[in-house]
Protein chains: 2
Amino acid sequence: MLLSNSYIDDEKIINRLYEIHRRTVPKFESCTGISQTRLELLHELYEVEEISQRALQKKVNIDHAAVTRHLKQLEDKGMVIRRKDPKDQRFTYVSLSEEGRLKIIHYREEKERFISGVLHDFSEEERKTLLGMLTRIQRNIEIFE
Amino acid sequence: MLLSNSYIDDEKIINRLYEIHRRTVPKFESCTGISQTRLELLHELYEVEEISQRALQKKVNIDHAAVTRHLKQLEDKGMVIRRKDPKDQRFTYVSLSEEGRLKIIHYREEKERFISGVLHDFSEEERKTLLGMLTRIQRNIEIFE
DNA sequence: TTATATTAGTTGACGTATCAATTATTGAGC
DNA sequence: GCTCAATAATTGATACGTCAACTAATATAA
C-alpha cells in the first residue's frame, strides 16, 4: 500500500470529520439536554405556526422514518401537537405546544454556549472560510457518483 | 430569540458538520463496500503483525463494546483471526487473515476514490487549512467543560 | 495467602439513522 | 365511477455507537 503524503492528509480530513461527529453527539446532548436533530426539528417548528411533517422533513433533510419517530416522542413529552389535515387526511400538521415554546429557549441558550466553546479560538475570517469549505464538501458528497 | 448574524453562521458550521456525517455514512459504505469504522480497524491491523483488542481500541478510539462486536463479525467473515494470550488470558490478540489482507487493498482503493471525489475541488493549500481547523475543533470539543 | 483492586473483554439496554415495505388517502385517466 | 398511480405517514429490519453492568483473569498488599 503505497500512498502519497498528500493522500494521507486527505484521509486525515475525512477521519477527523468522522471523529468530530462521534465526539460531538454525546457532548452536545449532555450540554444541552437534547439531541442535535431533535433540537433542529423544534427550531424549525419555532419559526412557523404549523407545518406538515412532509414539509418539516424536507427542511431538516432527515429520513421520513426518523422524523415520524422524533415527533411521536416529542408529542409524548408534551412539547409538540399533531393533528391530521381535515382537507387531506394524508397530511399530519405539527406545531409547538406552549411548553415546547418555553423549553426550546433554554435548549438554544445551551446550544449557543456549546458552539461558542467549539469555535472559541476561530476568528471571524476563519469561520467564514470554514463554513465555505464545509458547504463545498457537502455538495461534493451529494453529487458524488 | 434574537441572534446575531455571526452566531447564525457558527450554527451553520455545526449543522453542516452534522449533515456531512449523516450523508457520508451511507455513501461511503455503498462506494467502498464497508463501513468507515470497520475499514479503520482493518487498516490498523494491516500495519501490524498482531495486536491486542485493548491496544487496537486505543488506536481507533471507539468504545470497547463496539470494537468487540466489529472484530467478532470480521472473524465470522474470515477476515480476522483472534486468539487469547497464553501468558495472560485476559488479552485477546487480533490479526488479519490472508483473505483479509487481500480484501483490504480493494477497500482502500475505493476509499481513496471516495475521498478524491469529496475533496476534488480543494487546493493543496486549502486541504492543509481545513485539516488544521478540524484538528482545532476536535481539540476544543475534547476539552469542552 | 487471602481478600481486594485492576484490567480485558463481553453482553445488555438504549438511542437513532438508514432503507424497504406497508397502509391510508387522494388524484388522474379512461 | 372505477382502476391505477402518487403521496404522506408509519412500521419493521438492520446497523452502529454509547454507557453500564458483568465475567474472568491477574496483580497487589495486608
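Please read these numbers as outputs of a predicted model, since none were measured by experiment. Quick note on labels: first sequence line is chain A, next is B, and so on, each numbered from 1.
In summary, contact between chain B and DNA chain D, defined as any nucleotide atom under 4.0 Å from a heavy atom of the protein, begins and ends at D/dC16 to D/dT26 in the 5' to 3' direction.
For A/D85 and C/dT26, the CG to P distance is 9 Å, given to the nearest whole Å. In this entry the distance linking CG of B/L71 with C1' of C/dT11 reads 15 Å, nearest Å. One interatomic measurement links the two molecules: CD of B/Q57 to P of C/dT10, which rounds to 12 Å at whole-angstrom precision. If you measure from atom NE2 of B/H21 to atom P of C/dT16, you get 15 Å, rounded to the nearest angstrom. If you measure from atom NZ of A/K84 to atom P of C/dA24, you get 9 Å, rounded to the nearest angstrom. Atom CZ of A/R38 is separated from atom C1' of C/dT16 by 9 Å (rounded to the nearest Å). Note: CD (B/Q73) to P (C/dT10) measures 13 Å, nearest angstrom. Rounded to a whole Å, the CZ atom of B/F28 is 18 Å from the P atom of C/dT18.
Under the side-chain contact (heavy atoms from CB on, under 4.5 Å) rule, A/I137 has a single partner from B/V118, B/T24, B/L17, which is B/V118.
Counting heavy atoms from C-beta on, the side chains of A/L119 and B/N140 never come closer than 4.5 Å. The closest side-chain heavy-atom distance from A/L56 to A/L41 is below 4.5 Å. The side-chain heavy atoms of A/F122 and B/I13, taken from C-beta on, include no pair separated by under 4.5 Å. A/E44 has its side chain out of reach of A/I51: every pair of non-hydrogen atoms, C-beta onward, lies at least 4.5 Å apart.
Residue contacts shown for B/Y93 are absent, as no nucleic acid heavy atom lies under 4.0 Å away. Counting non-hydrogen atoms under 4.0 angstrom, B/K87 reaches the backbone sugars and phosphates but no base. A/T68 comes within 4.0 angstrom of a base, heavy atoms only. Note on B/D88: only backbone sugar-phosphate atoms sit closer than 4.0 angstrom, heavy atoms only; bases stay farther off. Contacts of B/R23 with the nucleic acid, taken as non-hydrogen atoms under 4.0 Å apart, are absent.
Between B/H64 and A/K72, the residue anchored nearer the 5' end of DNA chain D, judged by the nucleotide with its closest heavy atom, is A/K72. Take the nearest nucleotide of DNA chain D for A/T92 and for B/Q89: the residue whose nucleotide is more 5' is A/T92.
In the interface, the side chain of A/R69 is paired with the base of C/dT18 through a donor and an acceptor atom under 3.5 Å apart.
In this structure, A/H70 reaches the C/dA17 phosphate: one of its side-chain N or O atoms is under 4.0 Å from OP1 or OP2.
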Run the numbers on A/E112 and B/Y7 for side chain to side chain contact (heavy atoms under 4.5 Å, CB included), then give the verdict.
CA-CA 8 Å; A/E112 187 163 353; B/Y7 171 69; 3.4 Å; yes

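In this structure, B/R101 forms a cation-pi arrangement with B/Y46, its terminal cationic atom sitting closer than 6.0 Å to the ring centre and no more than 45° off the ring axis. By the 6.0 Å and 45° rule, B/R54 does not stack over the aromatic ring of B/F91.
Distance from the side chain of A/R90 is smallest for C/dA24 among the nucleotides C/dT10, C/dT6, C/dA24.
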